[in-house]
Each structure stands twice: as C-alpha cells, then as structure tokens.
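Hydrogens, waters and symmetry mates play no part in the numbers below; they use all other heavy atoms, side chains included.
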Amino acid sequence: MMNPNSFSVLGYLSVLLWLAVPLLWLLRHRIKTPGWSALALALLAFVFATINSRSHVSRIQAEVIEVSPDALMLEAAKRKAVEQAREGEVADIRFAEDGADDFIDKAGMDDSDLKYLESLDESKEPAWKNRKKSRGGAGEESDDLEDLLGAEEPAERLSTDALPEEKETREPIIMSEAHVATALRLNSINLNLSFYAILLGAILLITDYLTRANSYARATFPLPLPAAWRNAFTPLPAVFTLPEKPRRNLKEELAHLARRGDAFVCFTKDPAALPDTLPTLGKSSRPIDLLRVEGDRISDTFIFESLWYRRTCFVVDPSRAQTLLTEILKQLELRHTSRARAKQNVHLVWNLAQPPSEKDLATFERLASSTRFSLLLCNESHS
C-alpha cells in the first residue's frame, strides 16, 4: 500500500497533468483545443515530477529499529559460547597489540567462523587503535621544527572564519522499508511517464499542425514542409472560393503560399500592385521572385514547367489568363495519364472579375487532386 507522504503536492499534480495528455489525444476531435496545449501540460508535468523527486522523494529514509538490551545480551552470550568452544583449538599466542578478548587465533578458523566473528566484531576496535597520539606534553619545550613553527598553538587562537558554514537541511521523511521501496518505484514511474507524455504531446502538436495546414480557416504559421505530409492529413481542395471577409488580402495570401514552399501563378488585373519578391522560409531564407508575364516573351509551356518544378512564381494579366489556363489543363491531362505529380503544391490564384468557365472548372477538379494543383478563386475587391 502506498504511503500518502510518498509524493508532495507537486508530485500528485504532475500525475494529473500527464494523465491529461492522453485524454486530450482521445478527445481531440471533440474538444477543439490548441495543438500546443498537450505539449505544455506534458512539460509542466515533467517539471513538477523532477521537483518532487529532488526535493521530496530524496528525503525519504527507512525507519531505524532500535535493538533492545535483551537482544544485545543474547548476542554477547552467543559470542562468549563460540570463544569458549574454540579456546582449546587455537594457538596460545598473544601479541602486545591484542585487546583483552583478542586471544583467538583466527588463522585456525574456517570461513563460516570467520564471517560470524567479523559480524560480531564490526563495531569493536582495539583500544590501541582509538588511542590518540600526542607529540609532547603541554608546556614542554621542544626543539622540533614543527613546534618552533607553532604547530601546537592553543585552540582558542585558531580562527573559525575559514570554516565552511553548515547548510540547513530539511528534516527527513521517515517510513518503513516497504513504503520507501514503493515510493522510489513510483517516483521512477512518474518521471518516465511524464517524459513519455512530452513525446506524446509533441506528436499531438505535429498532427494538429499538419491537419490545419491545408485548411484556409484553420491554417497557422506556414512552414515549408513536404506537400505529401500536409495532403496526407487534409487533402488539398481542388477549387476553393474565398469568403466575403477573407483572413488575408491578396498580397498576404501570396506571401502565405510562398512561406509554405508552394508555387503559384496569380491572375490579376493589376500586376504592378504586387511586389517583385516575397519572403520565404526556404534555403537561407532567400526571397522568391514574382515574374510579370507581359506579351508573348514567356511561353505558356515555360510557365507550367517552372510551376511544376517550383523554379519561380508568376503574375499574369487578364490578356493571357485564358490561354495559360488552357495550356495548364492540357499539361495536367498528360501528367494525370502518366500518374505524375508535382513535388510541392501548385496554386492558381484567380483574382479576376470573370471566373473560369464551368467546363474548365470541371476539368480542373478532375485533374487537380492527382497532380497536387489547386484553384483559389477570389474577388477583385480582395486585392
């Protein structure tokens, strides 16, 4: 049975906190809590468990049972009986340093007798070992170098300033040996489970982040993670229409896509309103260039290949919108037939008053999911 003093208040709190972590895992679909909450609880549980182990469990000591005088007398009688039984079998040899009862020659005993006598004689030392040696009587003059240097100065002359101060120690917690063993075992289990709760909390955080990554309403801080990870938790919508009150304007939306490591082409009436570069979180945080497609200097095939391999991103005016969309649908049909897909997600941001035709939308929806393409429809007022 566990002693209530085995843990402090922080120890019991740590148990409750790491128990809440798997509970959040089981109820993650019903309770809409932030993904970092489970990790925060696990870290707090580990801190409390460590404090409980170092400041409380380390003070637990086993109760010392005092030996009664009758037991001591019985032990002395047993020792005397052994000595009398062996007295005639040992050599009659005495040494100057032997004590009063050191007449037994242990060299003539077997291992069992030696062990028994040693257990009885552990706390007993000969008188000559406890006698302090003195180098001369007090007040006597000596020609020794140590005495001339003041080796025998009176004790009152010695300074106690250099002596280390004794640290205040808290009183130990006395328990039975069985309760001490239980407390130590439970403390080890508590530390291990609180550490495993941190791992579970980290898994919950990563899972929650990847689940939100492809959701427009729930996506958080964008990171350049592989598209396969995000799409495995939440499929990328083939066609998505922004709400009337979007979370981000056009410039912020493109910057969000760039930080995710995705490629995009933006169809907009005013390409000059967008910046030339957008910040990313990729290699060395190099910004990504936005190439303006004006006239026929850049071919539609080049634009598609650049998007497919994420070499750069483009801004297209309305005059090239329909021809480029037709070329993209043609290339997607070829990739779909060969079961090829882009390394990262590719977004078509349609910021024009006239949306694509119903036929083009149906064709795009059929080909987008298998090739990792997506069409984001927004109004010109969102720019």
If you measure from [atom1] on [X] to [atom2] on [Y], what distance do you get to the nearest 0.5 Å?
X: F233; Y: L210; atom1: CZ; atom2: CG; result: 5.0 Å
X: L23; Y: L41; atom1: CG; atom2: CG; result: 10.5 Å
X: L324; Y: D317; atom1: CG; atom2: CG; result: 10.5 Å
X: R212; Y: T220; atom1: CZ; atom2: OG1; result: 6.5 Å
X: N351; Y: C378; atom1: CG; atom2: SG; result: 4.0 Å
X: F373; Y: R335; atom1: CZ; atom2: CZ; result: 8.0 Å

Donor + acceptor pair across side chains of [X], [Y] (<3.5 Å):
X: S370; Y: H336; result: yes
X: T211; Y: D208; result: no
X: N190; Y: W18; result: yes
X: R310; Y: N345; result: no
X: D270; Y: T268; result: no
X: T312; Y: D289; result: no

Any idea which heavy atoms bring [X] and [Y] closest together, and the distance?
X: A183; Y: I60; answer: CB-CD1, 3.8 Å
X: A197; Y: V21; answer: O-CG1, 3.8 Å
X: A321; Y: L352; answer: CB-CD1, 3.9 Å
X: S369; Y: A238; answer: OG-CB, 4.4 Å
X: Y216; Y: P243; answer: CE2-CD, 3.8 Å
X: Q344; Y: A227; answer: OE1-N, 3.2 Å

Do side-chain atoms of [X] reach the backbone of [Y] as a donor and acceptor pair under 3.5 angstrom?
X: T50; Y: F46; answer: yes
X: S374; Y: P237; answer: yes
X: H179; Y: P4; answer: no

Task: Sub-4.5 Å side-chain heavy-atom contact between S55 and L10 - done: no
Task: N192 vs S188 side-chain heavy atoms within contact, under 4.5 Å - done: yes
Verify the cluster assignment for [X] and [Y]: are they in a single hydrophobic cluster under the rule of side-chain heavy atoms below 4.5 Å apart?
X: L225; Y: F221; result: yes
X: F195; Y: L13; result: no
X: V57; Y: L191; result: no
X: V265; Y: Y309; result: yes
X: L204; Y: L193; result: no

Task: Test log, rule side chain to side chain contact (heavy atoms under 4.5 Å, CB included), inputs L348 and F264 - done: CA-CA 6 Å; L348 277 61; F264 63 85; over 6 Å; no
Task: L43 and I198: CA distance, side-chain angles, deciding distance, side chain to side chain contact (heavy atoms under 4.5 Å, CB included) verdict - done: CA-CA 6 Å; L43 289 172; I198 294 177; 3.8 Å; yes
[atom1] ([X]) with more than 12 external heavy atoms under 6.0 Å:
X: W25; atom1: CH2; value: yes
X: E177; atom1: CD; value: no
X: Y12; atom1: OH; value: yes
X: F240; atom1: CZ; value: yes

Task: Worked check of side chain to side chain contact (heavy atoms under 4.5 Å, CB included) between D360 and L329 - done: CA-CA 8 Å; D360 291 342; L329 293 176; 3.7 Å; yes
Open item on the list: Angle between ring planes, F267 versus W350, binned at 30° and 60°: parallel, tilted or perpendicular?
Closed with: tilted
Open item on the list: Run the salt bridge (Lys or Arg N to Asp or Glu O under 4.0 Å) test against R320 and tell me which residues pass, sequence neighbours left out.
Closed with: D300
Task: N-O pairing of D262 and R230 below 4.0 Å - done: yes
Task: Lys/Arg-Asp/Glu bridge criterion (N-O < 4.0 Å) met for R259, E252 - done: no
Open item on the list: Using side chain to side chain donor-acceptor pair (under 3.5 Å), reason through R260 and N214 one step at a time and then give a plain yes or no.
Closed with: CA-CA 10 Å; R260 280 167 48 106; N214 283 339; 3.1 Å; yes
- [ ] Please step through side chain to side chain contact (heavy atoms under 4.5 Å, CB included) for the pair T301 and I303, ending with a clear verdict.
- [x] CA-CA 5 Å; T301 304; I303 295 175; over 6 Å; no
